Amino acid sequence: MFEIKNLKFKDILDIEHLIINKNSVTSIVGESGSGKTTLLKMLNNIISPDEGEIYYEGIEINNYNPIDLRRKVVMLPQTPVIYKGSILDNILIGKRFAKSFNYNLEEIKTLLEKFNVNKNLSESAENLSGGEKQRICLIRVLIMNPEVILLDEPTSALDENTEDIVINYIVEYTKKNNKTLVMVTHAKDIAKKYSDFIIEINKRR
Ligand SMILES: Nc1ncnc2c1ncn2[C@@H]1O[C@H](COP(=O)(O)OP(=O)(O)OP(=O)(O)O)[C@@H](O)[C@H]1O
């Protein structure tokens, strides 16, 4: 699905060859500052490498229209981005970007319940806790129905129990719907428990 060849970025990343498989769960682990977020951003062309190529489905990613690529490959950043408005508005904002206005309210309510967010969809999203905001942003990404989900520390604001429930659901969703999941995580136990593949990035000294 993704193939990286001879990638170099500053003195941060140097990757000779890497394949990320379709319909799989891949975790990216490594110490702080090793370049995990940078690599994730390269997969949907938010950052370009200084040298080398990245292919998505056999096509060099610079050959995709960036907006089209980011409809297929959606990234959830480390810090949740919440807009003024209700929880439902915040969830649907991604759908608008995906140019799809039809949505299933029951599906959204079920996701809220599964992710233990005990709030009404009409409530303002601005006063939610950091962990609740993180889960709202995850739901936003799931209902966009992308081919690839890129998650940067998706559960950093969650307690261990909620983290497990949320990751378990996303992994099941990925498998059931033939999606591809790539997540950056500090939690090696989460990476081991849920991933088909683990990429470890070492800091260059
Ligand atoms: N666009 C950029 N240009 C130059 N340097 C950058 C750029 N983006 C990130 N860096 C640097 O690259 C290094 C790796 O950053 P990155 O955010 O990828 O690390 P990380 O492994 O995700 O860290 P953490 O686990 O702390 O989130 C950092 O030193 C950062 O300052």
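Every number for a ligand or one of its atoms is a count from 1 in the order of the listing. Keep in mind that this is a model prediction, so the values were computed, not measured. Computed from heavy atoms alone, side chains included, the values below leave out hydrogens, waters and symmetry copies.
Checked for salt-bridge contact, D152 and K41 miss the test: no charged N lies under 4.0 Å from a carboxylate O. Between D196 and K175 a salt bridge is recorded (basic side-chain N to carboxylate O distance below 4.0 Å).
In the model, N178 has no side-chain atom that pairs as donor or acceptor with a side-chain atom of K22 under 3.5 Å. Counted by atom type alone, Y194 and E172 present zero donor-acceptor pairs between their side chains at under 3.5 Å. No side-chain donor from either of E123 and S86 sits under 3.5 Å from a side-chain acceptor of the other. Looking only at atom types and distance, the side chain of N62 has a donor-acceptor partner in the side chain of E60 under 3.5 Å away. No hydrogens or angles considered: a donor-acceptor pair under 3.5 Å links the side chains of H17 and E3.
Of the protein's heavy atoms, K36 NZ, 2.7 Å lies nearest to atom 25 (O) of ligand 1. Residue, atom and distance of the protein heavy atom nearest to atom 17 (O) of ligand 1 are T37 CB, 3.5 Å. Regarding atom 10 (N) of ligand 1, its nearest protein heavy-atom neighbour is I12 CD1, 3.9 Å.
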Item to check | ring-ring contact (aromatic ring centres under 6.0 Å, His included) assessment of Y55 paired with F2 | outcome: CA-CA 5 Å; Y55 297 86; F2 287 102; over 10 Å; no
Next on the checklist: Let's go through E57 and Y64 carefully: what are the C-alpha distance in whole Å and the side-chain angles of both, what is the deciding distance for side-chain hydrogen bond (donor to acceptor under 3.5 Å, both in side chains) to 0.1 Å, and is it a yes or a no?
Outcome noted: CA-CA 11 Å; E57 298 279 58; Y64 286 93; over 6 Å; no
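Close approach of ligand 1 to H186 is summarised as follows: ligand atoms under 4.0 Å from at least one heavy atom of the residue are 25 (O). Remark: ligand 1 atoms within the under-4.0 Å shell around heavy atoms of K10 are 3 (N), 4 (C). Under a 4.0 Å criterion applied to the non-hydrogen atoms of Q78, ligand 1 contributes the atoms 27 (O). Listed by number with element, the atoms of ligand 1 under 4.0 Å from a non-hydrogen atom of E31 are 21 (O). Within ligand 1, counting atoms from 1 as listed, the ones closer than 4.0 Å to a heavy atom of F9 are 1 (N), 2 (C), 3 (N).
Closest to atom 9 (C) of ligand 1 by heavy atom, among V29, L13, T38, is T38.
Using a 4.0 Å cutoff on heavy atoms, K41 does not count as a contact of ligand 1.
Neither the backbone nor the side chain of E153 comes within 4.0 Å of ligand 1, counting heavy atoms alone.
I15 and M42 fall within the same hydrophobic cluster, where Ile, Leu, Val, Met, Phe, Trp and Tyr residues are linked whenever their side-chain heavy atoms come under 4.5 Å apart, directly or through other members.
Distance remark: protein heavy atom not present below 4.0 angstrom from atom 30 (C) of ligand 1.
Residue contacts with ligand 1: S32 is placed with a nitrogen or oxygen under 3.5 Å of a nitrogen or oxygen of the ligand (distance criterion only). Below 3.5 Å of separation, one finds an N or O of G35 facing an N or O of ligand 1. Considering backbone and side-chain N/O of G33, one or more are found under 3.5 Å from N/O of ligand 1.
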